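What follows is a single structure, written as structure tokens, with notes after it.
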Amino acid sequence: MCGRYVLKRKDLEALLQHFGIRSLEEFHSRYNIAPTTIVPAIRTSAEGGREAVPLRWGLVPSWAKDPAGGARLCNARAEGIAAKPAFRHAFRKKRCLVPASGFYEWQTLGRTKLPWYFSRRDEQPFVFAGLWESWRSPAGTELETCSLITTDANPVVGQIHDRMPVILAGSGVEEWINPEHEEPEKLLPLLRPFPAEEMSGRPVNPQVNSVATEGPECLEPAPVLPAPGSEGPQLSLGFE
DNA sequence: CCAGACGTTGTT
DNA sequence: GTCTGG
DNA sequence: CCAGACGTTGTT
DNA sequence: GTCTGG
């Protein structure tokens, strides 16, 4: 799954430039982005161009009664999005890209959780495949939310967790937000695990566990603390 | 036809 | 929004 | 995703 | 144990 990620300022700017979107308001690097917070996303505008928009992470279906209580939809399994009531509409009509520098997955070690940071091996920014929705309150206020699509983990991430977010690359990026595409047969093949050879991962500062830790210290290497006899974390993944 | 239900994922 | 049940 | 909160009633 | 908040 993917319940936390990283987006550095310069990476967002590079991506916006790539899509021909001029950088909006100032964005500061965020090293511990969590569900329920506002995240930058890219989608096709009503006019057919690209736009960057703030979305709340945690999709709320348009028909939901309460946007807070049940909104735990920060991920959507690729296998089910074409049919699940909560996602099928967004899958056809409201696809988006979510810029990122890297993401976290947790390794359970006994009673503690160790966060690992995964990114492209070349440290280039990338985009997650996302869905968004619009919810209107009884008072008429509009709330736009999003969810990140997950798929099977590749062999690198798979050492830690069996799922990972879908990372789009190449022609898949444009195809995903092309509004002319609505057929699952065309879209679902884009939702594959990112190539393991192009990814790397390493254990990082356990302070990541708390959403209050938001700075670059999140990416500090995890202290090496393998107790004798217990299996400690491997130093890194993504190497031969 | 209308009323009412339906949210998802993750983990052990 | 869309499907199911009555 | 993880961390942290969450008591409940009856009675004065 | 389970729900809420970030």
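Within every chain, numbering begins at 1; the chains are lettered A, B, ... in the order of the sequence lines, protein sequences first and strands thereafter. Note that the structure is predicted; figures quoted are calculated from it, not measured.
- Rounding to whole angstrom units, CZ of residue F91(A) and P of dG7(B) are separated by 18 Å.
- The aromatic ring centres of F126(A) and F194(A) sit 6.0 Å or more apart.
- A 4.5 Å side-chain heavy-atom check between V98(A) and Y5(A) finds at least one atom pair inside the cut-off.
- Panel note: side chain T151(A), backbone V166(A); no donor-acceptor pair is recorded below 3.5 Å.
- Here K84(A) does not pair with E79(A) in a salt bridge; the nearest charged N to carboxylate O distance is not below 4.0 Å.
- Set against dG7(B), dT9(B), dT12(B), the side chain of R77(A) has dT9(B) as its closest nucleotide.
- When the C1' atom is used for both dC2(D) and dG10(B), the distance is 12 Å, rounded to whole Å.
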Scan nucleotides 2-6 of chain C against the protein and return all N/O pairs shorter than 3.5 Å with their distances rounded to 0.1 Å.
unit_1 : atom_1 : unit_2 : atom_2 : d
dT2(C) : OP1    : R92(A) : NH2    : 2.8

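- Between the P atom of dC2(D) and the CD atom of E214(A) lies a distance of 18 Å, rounded to the nearest Å.
- If you take atom P in dG7(D) and the same atom in dG4(B), they sit 31 Å apart, rounded to whole Å.
- Here the P atom of nucleotide dC6(B) and the NZ atom of K84(A) are 15 Å apart, to the nearest Å.
- Through direct or relayed side-chain contacts under 4.5 Å between Ile, Leu, Val, Met, Phe, Trp and Tyr, W63(A) connects to no other residue.
- Counting only residues at least two apart or on different chains, the side chain to side chain donor-acceptor pair (under 3.5 Å) pairs with a member in residues 9-20 of chain A are R9(A)-E13(A), D11(A)-S101(A).
- Applying the side chain to side chain donor-acceptor pair (under 3.5 Å) rule to pairs touching residues 176-193 of chain A yields K93(A)-E182(A), sequence neighbours excluded.
- One finds a side-chain N or O of R163(A) lying less than 4.0 angstrom from the OP1 or OP2 phosphate oxygen of dG10(B).
- Between the side-chain ring of Y104(A) and the base of dC1(D), no stacking contact exists by the 5.5 Å and 30° definition.
- Spacing between atom OH of Y117(A) and atom C1' of dC1(D) amounts to 16 Å, rounded to whole angstrom units.
- For W106(A) and dA3(D), the CH2 to C1' distance is 11 Å, given to the nearest whole Å.
- With P as the reference atom, dT2(E) and dT8(D) are 15 Å apart, rounded to whole Å.
- When the P atom is compared between dC1(D) and dT12(B), the two are found 10 Å apart, to the nearest whole Å.
- A 4.5 Å side-chain heavy-atom check between I81(A) and L191(A) finds at least one atom pair inside the cut-off.
- Remark: C1' of dT12(B) and CG of D162(A) are 12 Å apart, rounded to the nearest angstrom.
- Through direct or relayed side-chain contacts under 4.5 Å between Ile, Leu, Val, Met, Phe, Trp and Tyr, V53(A) connects to L55(A), W132(A).
- Residue F87(A) is in sugar-phosphate contact alone, with no base atom involved, counting any heavy-atom pair closer than 4.0 Å across all strands shown.
- Distances were taken from every side-chain heavy atom of R4(A) (C-beta onward) to each of dG10(B), dC2(D), dG7(B); the shortest belongs to dC2(D).
- Of the residues near DNA chain B, W63(A) and K113(A), the one whose nearest nucleotide (by heavy atom distance) lies more toward the 5' end is W63(A).
- Between the P atom of dC2(D) and the CD atom of Q107(A) lies a distance of 12 Å, rounded to the nearest Å.
- Taking atom CD of residue E105(A) and atom C1' of nucleotide dC1(D), one finds them 8 Å apart after rounding to whole Å.
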> Can you list the steps and then say if E51(A) with R43(A) is a salt bridge (charged side-chain N to carboxylate O under 4.0 Å, His left out)?
Replying inline: CA-CA 6 Å; E51(A) 63 181 2; R43(A) 68 187 180 193; 2.7 Å; yes

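- Among the duplex regions that DNA chain D forms, those built from at least three successive Watson-Crick or G-U pairs under 3.5 Å are D:1-6 with E:1-6, ordered by first number.
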